[in-house]
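Heads up, the thing below is written out as structure tokens.
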Protein chains: 2
Amino acid sequence: MNFSPLLDHVLKHITLTEEEQSYFVSLLNVKKIKKKQYLYEEGDINKGPAFVTQGILRAYSLDKNGFEHVIQFAPPGWWIGDMYSFIKQQPGRLYIDALEDSEILWLWKSDVEKLYNQVPKFERFFRILAENAIAAYQGRLISNLSFPAIERYAQFCNQYPALIEHLPQKQIASYIGVTPEFLSKMLNSPSPK
Amino acid sequence: MNFSPLLDHVLKHITLTEEEQSYFVSLLNVKKIKKKQYLYEEGDINKGPAFVTQGILRAYSLDKNGFEHVIQFAPPGWWIGDMYSFIKQQPGRLYIDALEDSEILWLWKSDVEKLYNQVPKFERFFRILAENAIAAYQGRLISNLSFPAIERYAQFCNQYPALIEHLPQKQIASYIGVTPEFLSKMLNSPSPK
DNA sequence: CGACAAACTTAATGTAGATTAAGGGAGGAA
DNA sequence: TTCCTCCCTTAATCTACATTAAGTTTGTCG
């Protein structure tokens with residue numbers, strides 16, 4: 001297994017000795033997830049954040065009519081997880097599955113705690129990670145509340161150009177908060193961008 | 001000035017010696033904000049998070065038609081800030097003002113960095129704070145994407161019962177993402193809850 | 001290769017919520 | 001008191017987007 005994408009990512013924010021690095025790596029679990037399989041099994045609450053090394057994961061919620069609403073995509077190099085479930089240690093409201101055959105690295109919640117105690121610098125790392133996520137969520141909320149669908153689509157294209165090619169249109173529709181039919185109509189209408 | 005609400009809040013998550021506590025307090029700035037005044041002045045990017053001790057603050061974005069969209073309310077005991085602007089050190093997209101005469105404690109960005117160096121336990125404190133905020137934003141997004149307006153209102157009432165009484169209806173309408181007219185109609189229609 | 005499912009399109013109809021416009025009540029300042 | 005501003009309400013009209021229902025194209029896998 002090649003841990004260097006994750007290590008590089010960590011080392012961008014904090015410095016670690018060789019021993020600290022190998023301790024961190026020793027806590028990591030590898031998991032291969034086939035397309036359509038889930039990251040967490042039913043009621044899995046002791047699993048911590050997951051770092052994507054291959055493929056694409058997706059977090060979504062379900063409404064009462066059974067429709068999916070995409071909360072986040074995670075291509076390689078991104079983290080994904082149900083933060084509510086993780087913090088409160090309660091079953092969450094998020095489903096996380098793979099849109100393609102994928103591979104992730106993940107930590108047990110208890111190992112994350114150990115890591116904080118053994119190498120407190122990781123408190124800093126995950127603080128920075130969390131702050132960036134907040135900024136992203138704030139931006140997403142602004143977008144949802146303040147812009148019409150066509151501009152949310154344009155913003156998505158700007159922010160995630162690599163994803164546009166990779167993702168079925170209906171997933172993008174779900175992310176920006178419209179039906180696949182409406183997105184299709186938007187894209188094939190007067191100003192077809 | 002009475003710092004104990006903030007100190008109590010901090011001490012719920014980390015333990016601090018007397019000296020650490022007074023060092024922390026020495027970095028705090030107090031500011032009184034009158035109703036309708038702003039937390040940040042034009043282009044203020046070196047100011048860090050603000051902790052509300054009295055009153056209510058509000059963060060909102062503006063759309064191209066000049067309409068306000070509330071991203072967050074902050075009653076006493078809550079933190080508020082423009083995380084994007086804080087992290088990227090760029091002008092943000094959020095306006096933060098007071099809905100009532102208020103009082104806050106705030107830190108310079110540079111003092112937050114000093115605090116992390118002098119008392120690394122604060123990395124842990126702000127990590128926990130940030131993680132909780134993520135959980136809240138995830139919940140808000142789920143709510144916005146997956147539920148109709150009337151249920152978003154019900155959820156708001158459940159989550160912030162104290163705010164319902166305190167806030168003008170139009171602010172709540174803006175938070176749940178509808179016009180004041182429509183909220184009024186909803187509340188005075190068939191099942192008036 | 002054939003076939004079955006999944007992805008995209010098109011179009012008719014339906015609806016949640018926006019917009020516009022008007023009027024009424026409560027509080028504050030002079 | 002009177003005026004003014006802010007807040008809430010009601011109602012008519014409008015629109016962005018959903019729903020339903022075909023049909024078409026693309027992919028995938030036995």
Side-chain angles (χ1 to χ4, degrees), chain A residues 34-37 55-56 58 60-70 73 97-101 143-157 163-193, chain B residues 34-37 55-56 58 60-70 73 97-101 143-157 163-193:
Chain A
K34 288 217 162 278
K35 189 169 173 170
K36 295 194 182 177
Q37 282 185 341
I56 299 189
R58 163 189 81 144
Y60 66 93
S61 67
L62 280 179
D63 66 26
K64 62 169 60 157
N65 301 316
F67 287 107
E68 301 173 354
H69 302 272
V70 174
F73 295 115
D97 65 0
L99 292 175
E100 303 178 357
D101 292 356
S143 196
N144 272 286
L145 291 172
S146 316
F147 298 95
I150 188 132
E151 291 181 40
R152 297 202 300 275
Y153 180 77
Q155 287 175 19
F156 184 89
C157 294
L163 286 182
I164 290 285
E165 337 243 293
H166 248 74
L167 252 30
Q169 238 176 64
K170 58 185 290 201
Q171 297 298 336
I172 298 170
S174 171
Y175 183 93
I176 67 175
V178 297
T179 57
E181 292 84 356
F182 187 71
L183 177 55
S184 170
K185 190 207 278 184
M186 270 191 341
L187 297 180
N188 303 13
S189 286
S191 71
K193 270 275 155 129
Chain B
K34 289 218 163 276
K35 188 169 174 171
K36 296 196 182 173
Q37 283 184 340
I56 299 189
R58 161 189 84 142
Y60 66 92
S61 68
L62 279 179
D63 67 27
K64 62 169 59 156
N65 301 317
F67 287 108
E68 301 172 355
H69 302 272
V70 174
F73 295 115
D97 66 0
L99 292 175
E100 303 177 358
D101 293 356
S143 196
N144 272 286
L145 291 173
S146 317
F147 297 95
I150 187 129
E151 291 181 39
R152 297 202 300 275
Y153 180 77
Q155 287 174 20
F156 183 88
C157 294
L163 285 182
I164 291 286
E165 338 243 294
H166 249 74
L167 291 175
Q169 240 176 62
K170 59 185 290 200
Q171 297 299 338
I172 298 170
S174 170
Y175 182 94
I176 66 174
V178 298
T179 57
E181 292 85 358
F182 186 71
L183 177 56
S184 171
K185 190 207 280 184
M186 271 190 344
L187 296 181
N188 302 14
S189 285
S191 71
K193 274 271 158 131

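Lettering follows sequence order; numbering is per chain, from 1.
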| task | Would you mind reading off the distance between B:Leu183 atom CG and D:dC7 atom C1', rounded to a whole angstrom? | result | 13 Å
| query | Is it true that a side-chain atom of A:Gln37 and a backbone atom of A:Lys34 form a donor plus acceptor pair closer than 3.5 Å? | reply | yes
| message | From CD of B:Glu181 over to P of C:dG24, roughly how many Å is that when rounded to an integer? | response | 17 Å
| For the student: nearest non-hydrogen atoms of B:Ser184 and B:Gln169, plus distance | CA-OE1, 4.0 Å
| said: Tell me the interatomic distance from A:Asn65, atom CG, to C:dA16, atom C1', rounded to whole angstroms. | reply: 14 Å
| note | Only residue of A:His166, A:Lys35, A:Arg58 satisfying side chain to side chain contact (heavy atoms under 4.5 Å, CB included) with A:Leu99 is A:Arg58
| Whole Å only: how far is the CD atom of B:Gln169 from the C1' atom of C:dA26? | 15 Å
| task | Quickly work out the A:Phe182 CZ to C:dA16 C1' distance and round it to whole Å. | result | 14 Å
| query | Closest nucleotide of DNA chain D for A:Arg152 versus for A:Lys35: which of these residues is on the 5' side? | reply | A:Arg152
| Rounded distance in Å - CE (A:Met186) to P (C:dA11) | 17 Å
| message | Quick one, B:Tyr60 and B:Asp97 - any side-chain contact, counting heavy atoms below 4.5 Å? | response | yes
| query | Just how far, in rounded Å, is P of D:dC17 from CG of A:Asn188? | reply | 16 Å
| message | Between C1' on D:dC6 and CG on B:Leu167, what's the gap in Å once rounded to a whole number? | response | 15 Å
| Hey, does the side chain of B:Thr179 come within less than 4.0 Å of C:dG17's phosphate (OP1/OP2), counting only N and O? | no
| query | Quick one: which of D:dC17, C:dG17, D:dT19 gets closest to the side chain of A:Phe67? | reply | D:dT19
| query | Expressed as a whole number of Å, how far does the P atom of C:dC8 sit from that of D:dA21? | reply | 22 Å
| said: Closest approach to the side chain of A:Lys185, judged atom by atom: which nucleotide of C:dG17, D:dA18, C:dC8 is it? | reply: D:dA18
